[in-house]
*Asks:* 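Here it is, the structure in full.
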Amino acid sequence: MKYLHEQDYYTVTPAEAYKILAQNKVPKKHKKLVMVTFDDGYENNYTAAYPLLKKYHIHATIGLITSKVDTQGMLTLKQVKEMKKSKWVSFVSHTQNHQELNRLDEAGQREEM
């Protein structure tokens, strides 16, 4: 995070990434773009990463396994709400149970997502 900050990278949010990829709307004032992501929603996303995100003004996106929230070693709902309220963290679905989607039929994939 320190390196990204020192090298003047701009960290994009999911909404900005969509505009860049789907509409070719690249933020004009930023030349170096990166998207920081964390998978699964482990507790250390809050205890280790979140303080650094705030310190270095880094946007990040966490893909949550929704059935794992409030379980041992994973983010709590309180932590999710706090980070979401900040301007530094966005959340996206990383499925309900982290099943292998290619092993599910279409209905199962839709349910899992």
Side-chain angles (χ1 to χ4, degrees):
M1 301 305 162
K2 181 180 178 185
Y3 176 83
L4 294 175
H5 179 76
E6 289 175 348
Q7 297 301 312
D8 201 31
Y9 275 86
Y10 178 75
T11 51
V12 297
T13 66
E16 291 169 321
Y18 175 81
K19 287 180 183 176
I20 292 166
L21 296 171
Q23 302 169 0
N24 201 28
K25 292 185 179 179
V26 179
K28 301 277 187 225
K29 63 182 179 176
H30 303 290
K31 296 198 187 287
K32 297 192 276 186
L33 305 175
V34 66
M35 187 170 188
V36 175
T37 63
F38 298 96
D39 269 354
D40 302 337
Y42 292 105
E43 183 179 31
N44 66 5
N45 296 171
Y46 180 83
T47 58
Y50 184 50
L52 295 174
L53 297 172
K54 293 187 296 184
K55 178 179 180 177
Y56 293 113
H57 303 142
I58 301 287
H59 295 104
T61 301
I62 298 174
L64 278 179
I65 303 169
T66 56
S67 69
K68 301 294 184 187
V69 174
D70 281 326
T71 63
Q72 180 68 34
M74 306 304 277
L75 291 171
T76 67
L77 185 56
K78 181 179 178 183
Q79 292 166 332
V80 170
K81 286 180 177 182
E82 179 185 334
M83 290 189 289
K84 183 173 173 47
K85 192 174 181 180
S86 81
K87 62 182 179 180
W88 303 116
V89 182
S90 301
F91 291 90
V92 296
S93 173
H94 193 38
T95 70
Q96 291 184 55
N97 302 294
H98 206 273
Q99 293 186 34
E100 290 189 43
L101 296 177
N102 62 339
R103 294 187 179 192
L104 302 175
D105 62 17
E106 185 176 342
Q109 290 173 349
R110 290 184 184 280
E111 178 68 24
E112 187 64 19
M113 290 188 279

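Here the structure is a predicted model, which is why all the values come from computation and not from measurement. Residues: numbered from 1 along the sequence shown.
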*Asks:* Grouping I, L, V, M, F, W and Y whenever their side-chain heavy atoms are under 4.5 Å apart, do Met74 and Met83 come out in a common cluster?
*Replies:*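 No; tracing contacts between hydrophobic side chains, which count when under 4.5 Å, never links both residues.
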*Asks:* Between Leu52 and Val12, is there shared hydrophobic-cluster membership here, with clusters defined by ILVMFWY side-chain heavy atoms closer than 4.5 Å?
*Replies:*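 No, it is not one cluster - the side chains of Leu52 and Val12 are not joined through contacts under 4.5 Å.
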*Asks:* Are Glu106 and Arg110 within salt-bridge range, i.e. N to O under 4.0 Å?
*Replies:*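 Looking at Glu106 and Arg110, the cut-off is met.
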*Asks:* Checking side chain to side chain donor-acceptor pair (under 3.5 Å) for the pair Gln79/Tyr50: CA distance, chi angles, key distance, verdict?
*Replies:* CA-CA 10 Å; Gln79 292 166 332; Tyr50 184 50; over 6 Å; no
*Asks:* Mind listing the closest non-hydrogen atom pair of Ser67 and Thr71 along with its distance?
*Replies:*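 Shortest heavy-atom separation between Ser67 and Thr71 comes out as O-CG2, 4.0 Å.
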*Asks:* Could you list the residues that satisfy side-chain contact (heavy atoms from CB on, under 4.5 Å) with Pro14, not counting sequence neighbours?
*Replies:*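 For Pro14, the residues satisfying side-chain contact (heavy atoms from CB on, under 4.5 Å) (neighbours in sequence not counted) are Met35, Thr61, Ser90, Val92.
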*Asks:* Same cluster or not: are Leu21 and Val34 linked, directly or through other Ile, Leu, Val, Met, Phe, Trp or Tyr residues, by side-chain heavy atoms under 4.5 angstrom apart?
*Replies:*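 They do not share one cluster, since no chain of ILVMFWY contacts under 4.5 Å joins Leu21 to Val34.
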*Asks:* Tell me whether Lys19 at atom NZ has more than 12 heavy atoms from other residues, nucleotides or ligands lying less than 6.0 Å away.
*Replies:*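 Not more than 12 within 6.0 Å, no.
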*Asks:* How would you list, by chain and number, every residue that makes a side chain to side chain donor-acceptor pair (under 3.5 Å) with Glu43, sequence neighbours excluded?
*Replies:*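 By the side chain to side chain donor-acceptor pair (under 3.5 Å) rule, Glu43 matches no residue at all.
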*Asks:* Is there a continuous path of hydrophobic side-chain contacts, each under 4.5 Å between heavy atoms, that joins Phe91 to Ile58?
*Replies:*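 Cluster IDs for Phe91 and Ile58 match.
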*Asks:* Hey, what do you get for CG (Leu53) to OG1 (Thr11), rounding to the nearest 0.5 Å?
*Replies:*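 That separation rounds to 8.0 Å.
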*Asks:* What's the spacing between Ile65 CD1 and Asp40 CG if we round to 0.5 Å?
*Replies:*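 Spacing of CD1 (Ile65) from CG (Asp40) equals 3.5 Å.
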*Asks:* Can you tell me how far the OG1 atom of Thr76 sits from the NZ atom of Lys81, to the nearest 0.5 Å?
*Replies:*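 With rounding to 0.5 Å, OG1 (Thr76) is 10.0 Å from NZ (Lys81).
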*Asks:* What's the spacing between Lys87 NZ and His59 NE2 if we round to 0.5 Å?
*Replies:*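 Interatomic distance, Lys87 NZ to His59 NE2, rounded to 0.5 Å: 7.0 Å.
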*Asks:* Between Asn44 and Tyr42, does a side chain to side chain donor-acceptor pair (under 3.5 Å) hold up when you go through it step by step?
*Replies:* CA-CA 5 Å; Asn44 66 5; Tyr42 292 105; over 6 Å; no
*Asks:* Check whether more than 12 heavy atoms from other residues, nucleotides or ligands sit under 6.0 Å from atom NZ of Lys32, and answer yes or no.
*Replies:*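 Yes, the 6.0 Å shell around NZ holds more than 12 heavy atoms from other groups.
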*Asks:* Apply the test side-chain contact (heavy atoms from CB on, under 4.5 Å) to residues Val89 and Asn45: give CA-CA distance (whole Å), side-chain angles for both, the deciding distance (0.1 Å), then the verdict.
*Replies:* CA-CA 10 Å; Val89 182; Asn45 296 171; over 6 Å; no
*Asks:* Is there a side-chain contact between Met1 and Val36 (heavy atoms, below 4.5 Å)?
*Replies:*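 A side-chain contact under 4.5 Å exists here.
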*Asks:* How are the rings of His57 and His5 set relative to one another: parallel (under 30°), tilted (30 to 60°) or perpendicular (over 60°)?
*Replies:*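 Correct class here is perpendicular.
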*Asks:* Side chains of His94 and Asp39, heavy atoms from C-beta outward: is any pair under 4.5 Å?
*Replies:*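 They are in side-chain contact.
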*Asks:* Flag yes if Tyr3 and Tyr10 sit in one hydrophobic cluster, no otherwise; membership is Ile, Leu, Val, Met, Phe, Trp, Tyr, and two members link when side-chain heavy atoms are under 4.5 Å apart.
*Replies:*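 No: no chain of side-chain contacts under 4.5 Å links Tyr3 to Tyr10.
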